[in-house]
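Before any comments, here is the structure.
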Amino acid sequence: MNIQVFASEARLDEACADLIEGLLRVKPRAVLGLATGGTPLGVYRRLIDDYRKGLVSFRHATTFNLDEYVGLPEDHPESYHAYMRRNLFDHIDLPPERAHLPNGNAADLEAECRRYDALIEEAGGIDLQLLGIGHNGHIGFNEPGPALVTGTHVVELAEETRRANARFFRSVDEVPRRAITMGVGTILKARTIALIAKGTDKADIVRRALEGPITTDCPASLLQTHPQLIVLLDRDAASKLSPAALGAAAPGGRTV
Ligand code: GLP
């Protein structure tokens, strides 16, 4: 595990964008796993800026998003389809036919989950998966519980998650109750995972995820088993990590 702590959000965003751009430079046909939520917005802004400056191209890339709400029209401003178009896809040269998200309005959701996993396999698997973390330790929409599902599947969202995401809707009642998400197996198959977290409100869960026991009660703790995990944190999100975690677990990890 490589933990990097950044003095500012801007630095973190820059480093994360650099990771993605570095990969695209050596592998223009890279397959990227993308995330939504507030955390990656600065990374996407940075990618757009660098694309406009001619520093990066997504022309040959393929992307797979982690998740999508069930039953929210694709053109609803809070659907993850709309989020991705607004915050990244509409501003870069990624061919729309290679920008994939689960279809939360599919007539047969189970078939949609199988289709999504097959598509990821056909693309050769994910090279770099960008991940945020929910306050309860969810990754994608894999919620804590007695068991986790490996492949893409339909989930009931935890009330805590719906409340956290209510800030994007007019009220919590409008937040869908279900979502399609890549499973933890799908996520862990990515060759490299970049986990990003910002803010003091994430400090406790970051500590649990990286230093606590590996348990389905904290899905992000399974990331500890991944051989290529890069953790990018701002100082606030890193504030509860032990010095040992920051030092020993992080060859190359540092505060920048
Ligand atoms: C959402 C998304 C996750 C995201 C998480 C944290 O519900 N499904 O992919 O990582 O919650 O969101 P934020 O970055 O806004 O804190």
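The first residue of the sequence shown is numbered 1, and numbering continues consecutively from there. If you're wondering where the values come from, they're calculated on a predicted model, not measured in any experiment. Read the numbers this way: they start at 1 and go in the same order the structure lists the ligands and their atoms.
- Annotation: ligand 1 has protein neighbours G37, G38, T39, D67, Y80, G132, I133, H138, G140, F141, N165, R167, K202, each with a heavy atom less than 4.0 angstrom from the ligand.
- Residues satisfying the salt bridge (charged side-chain N to carboxylate O under 4.0 Å, His left out) criterion with E160, sequence neighbours excluded, are absent altogether.
- For the pair Y116/F64, a side-chain contact is recorded, criterion being any heavy-atom separation below 4.5 Å from C-beta on.
- Taking the ring pair (Phe, Tyr, Trp, His ring centres under 6.0 Å) definition, one finds that H76 meets it with F169, sequence neighbours left out.
- Residues in residues 176-230 take part in no ring-ring contact (aromatic ring centres under 6.0 Å, His included) pair, two or more places apart or across chains.
- Judged by distance alone, the side chains of Y69 and N165 do bring a donor and an acceptor atom under 3.5 Å apart.
- A side-chain donor from one of N136 and E143 sits under 3.5 Å from a side-chain acceptor of the other.
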